[in-house]
Amino acid sequence: MITGAIFRDAIISGANNITNSRQAVDALNVFPVPDGDTGTNMSMTISNASQEMATLPDDCSIEEASARCASALLRGARGNSGVILSLIFRGFAKAFKGVTEADGKDIANAFEKAVKAAYKAVMKPTEGTILTVIREAKDAAVEMAEIQNDPLEVSFAALQAAREALAKTPELLPVLKKAGVVDAGGRGLVLIFEGMESVFGYGAIVQPLDAEAPAQKAAAEADEEEEIKFAYCTEFLIEKDKNAQESDPLKLRAYLESIGDCVVVVDDKDIIKVHVHSNEPGNVIQSALKYGQLINIKIDNMKHQHKTNKAKAESTQTKPEKAEPLNDYGFVAVCAGEGLRELFEDLGADRVVSGGQTMNPSTDDILNAVMATPAKTVFVLPNNKNIIMAAEQAIPLAADRKVIVLQTTTVPQGITAMLTFDETAEAEENQMAMNEAFDRVETASVTFAARDSEVEGKKISKGEIMGLCNGRIKFIGKSATDIAVKATDKLYKKNEHSLITVIYGEDMSEEEAGAVESALAKKHPEAEVSLVNGGQPIYYFIISVE
């Protein structure tokens with residue numbers, strides 16, 4: 001049977017396993033644009049659950065463990081892969097409701113509910129991805145559960161099927177086959193299942209290879225105060241006295257070791273340096289006075305220090321705000337860069353969540369921003385295709401206000417949506433008008449290749465500059481400014497467009513940005529060309545054409 005404690009340890013093991021291989025999973029991403037990579041997002045998502053698991057007692061049920069796990073995964077979900085992972089474990093939690101210990105049929109039922117939850121969340125499921133891996137794992141689990149009701153056999157059958165499904169992903173997605181890799185999300189899921197199987201089959205938690213894992217760190221911090229056996233740290237110097245009652249420092253050391261630990265007694269010509277942790281600082285001092293006069297006395301209560309420091313750290317952490325929903329409407333926007341933050345705030349955004357490419361915020365980050373917005377209806381602008389799913393998970397969590405996620409995939413789309421907003425219109429009217437407006441926005445962007453790749457017949461070397469038109473790579477070269485102009489020209493149509501906005505990033509100077517503005521104004525004299533210092537990372541330029 002799989003108990004709550006076993007499930008708890010399995011999640012910690014699975015989190016450690018994918019974290020150990022996070023960079024290898026990131027490297028499986030085929031598209032060369034630097035983004036919130038799959039391995040990083042899945043690792044951060046399940047690590048949130050791992051920390052929660054570390055607080056559970058040994059006598060917890062699998063119902064409690066899986067429910068706590070699912071909740072932590074949901075709130076910590078980052079990127080599309082992280083959201084799908086959270087939905088898989090939400091399915092597990094639904095199956096384990098009312099279950100104390102899981103048998104083989106319970107495990108099979110968990111996989112069935114996991115598949116339903118994952119597929120339901122994706123509008124257009126693509127085979128050859130993490131969805132295929134979890135579905136084939138489910139099929140194997142159900143088949144094995146009909147043969148024998150052994151949870152270990154069922155879970156192992158699911159793992160084997162997941163491995164086989166992962167190996168077949170290149171046959172289902174030509175882009176994977178051409179790149180010679182398997183699906184990154186599927187690989188991440190298999191790594192998590194392998195970490196869990198280490199506990200199910202052998203009772204061994206996979207250990208972290210790098211720094212102390214979040215779960216172990218959380219557990220260590222929780223136990224730290226209890227481990228302080230001796231509360232008082234006592235330090236001083238003894239000025240030796242020839243007429244003193246005692247003269248042998250070894251006797252002093254022996255006494256101090258009998259009442260404490262971390263004993264240091266250093267005998268010099270005229271002084272003896274003493275350090276000891278004990279619960280009897282008075283007796284330490286009395287014993288030392290037998291050797292001479294005491295100077296530079298310092299006594300610290302380590303338990304009190306620990307409590308004070310812990311309370312101070314907790315008080316300085318940013319606690320989620322909650323604003324009463326007084327206004328009719330509010331906005332939460334996601335972007336990176338101080339200039340873009342100020343721009344969205346000027347347009348009326350109540351809260352701006354820091355994030356974007358390589359920095360996908362979690363569902364909890366977005367939810368906290370929603371709850372800090374004093375509005376009955378809150379519009380959320382993800383401004384990135386890899387953040388939309390995480391934003392949508394916040395909708396049912398905001399109980400006292402309505403949340404509408406506009407599926408903006410670029411910053412210019414988010415800006416246009418806010419400019420279209422009419423505070424006198426109903427929420428549904430605004431949603432429709434904003435959707436129509438941002439759908440008309442064409443976006444060019446200039447960034448660098450994060451890895452060697454080949455996309456649509458174009459060979460791309462790591463570090464090369466790329467120009468994207470509505471997310472598709474169209475230009476490759478060495479000059480960010482030249483490619484910015486080319487990408488904009490590709491999108492601009494004289495009879496359809498009249499406005500070009502050039503948003504330049506932190507790696508571009510004002511002079512370089514001005515050169516792009518001048519070139520575009522010269523090429524398209526009929527258009528209004530404006531320049532904005534967005535200060536965004538990753539992207540040298542983000543350019544909207546409307």
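Side-chain atoms are counted along with the backbone in the values below, which use heavy atoms only and exclude waters and symmetry mates.
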Can you tell me how far the [atom1] atom of [X] sits from the [atom2] atom of [Y], to the nearest 0.5 Å?
X	Y	atom1	atom2	answer
I476	M466	CD1	CE	8.0 Å
R78	N386	CZ	CG	12.0 Å
S21	L209	OG	CG	7.5 Å
L340	I542	CG	CD1	6.0 Å
E164	L159	CD	CG	10.0 Å
I84	T45	CD1	OG1	11.0 Å

If we ignore angles and hydrogens, is there a donor and acceptor under 3.5 Å between the side chains of [X] and [Y]?
X	Y	answer
S43	T19	yes
D422	T424	yes
E392	Q407	yes
N383	T410	no
N41	T38	no
T409	Q413	yes
E510	N533	no
D26	T40	yes

Can you tell me how the ring of [X] sits relative to the ring of [Y], calling it parallel under 30°, perpendicular over 60° and tilted otherwise?
X	Y	answer
F193	F111	perpendicular
H497	Y492	tilted
F92	F89	perpendicular

To check you understand the geometry: which heavy-atom pair defines the closest contact between [X] and [Y], and what is its length?
X	Y	result
I483	G477	CD1-N, 3.3 Å
I500	A527	CD1-CB, 4.3 Å
A77	S86	CB-OG, 4.1 Å
Y329	A427	OH-N, 3.0 Å
V190	A162	CG2-O, 3.8 Å
A141	A158	CB-CB, 4.1 Å

Audit row: F541, S445, side chain to side chain contact (heavy atoms under 4.5 Å, CB included) steps and yes/no:
CA-CA 6 Å; F541 294 100; S445 52; over 6 Å; no
Can you list the steps and then say if L406 with Q431 is a side chain to side chain contact (heavy atoms under 4.5 Å, CB included)?
CA-CA 7 Å; L406 301 173; Q431 182 178 4; 3.9 Å; yes
Any [X] side-chain heavy atom under 4.5 Å of [Y] side chain:
X	Y	answer
C335	V352	yes
E436	D439	no
K402	V378	no
T55	R68	yes
K168	E127	no
M53	S50	no
V334	P361	yes
M432	N435	no

[Y] backbone acceptor or donor facing [X] side chain under 3.5 Å:
X	Y	result
S362	D365	yes
N17	I192	no
Q51	N48	no
E426	E429	no
R75	A49	no
N20	N16	yes
S518	G514	yes
T420	A437	no

Checking side chain to side chain contact (heavy atoms under 4.5 Å, CB included) against M418, which of F438, F344, F379 comes through?
F344
Taking only residues two or more places apart in sequence or in another chain, which ones pass side-chain contact (heavy atoms from CB on, under 4.5 Å) with [X]?
X	answer
D400	K322, P325, M371
K523	V485, D489
S479	T481, D482

E345: what forms a salt bridge (charged side-chain N to carboxylate O under 4.0 Å, His left out) with it, not counting sequence neighbours?
R341
Please evaluate residues K138 and E112 with respect to the criterion salt bridge (Lys or Arg N to Asp or Glu O under 4.0 Å), reporting the C-alpha separation (whole Å), side-chain torsions for both, the decisive distance (0.1 Å), and the verdict.
CA-CA 6 Å; K138 178 266 297 183; E112 287 190 291; 5.5 Å; no
What do the steps show when you test T169 against T129 for side chain to side chain contact (heavy atoms under 4.5 Å, CB included), and what is the final call?
CA-CA 7 Å; T169 55; T129 65; over 6 Å; no
Worked verdict on E442 versus E546 for side chain to side chain contact (heavy atoms under 4.5 Å, CB included)
CA-CA 6 Å; E442 308 267 9; E546 301 176 64; over 6 Å; no
Could K493 and E526 be called an ion pair, given the rule that one side-chain N must be under 4.0 Å from one carboxylate O?
no
Flag if over 12 foreign heavy atoms under 6.0 Å of NZ, K490:
no
Show me the side-chain donor-acceptor pairs of residues 502-509 shorter than 3.5 Å, one per line, residues at least two apart or across chains.
residue	atom	partner	partner atom	Å
S509	OG	E512	N	3.1
S509	OG	E512	OE1	3.2

Would you give me the side-chain donor-acceptor pairs under 3.5 Å for residues 176-187, sequence neighbours excluded?
residue	atom	partner	partner atom	Å
K177	NZ	E171	OE1	3.4
K178	NZ	E454	OE2	3.4
D183	OD2	I130	N	3.1
D183	OD2	G185	N	3.2
D183	OD2	G186	N	2.7

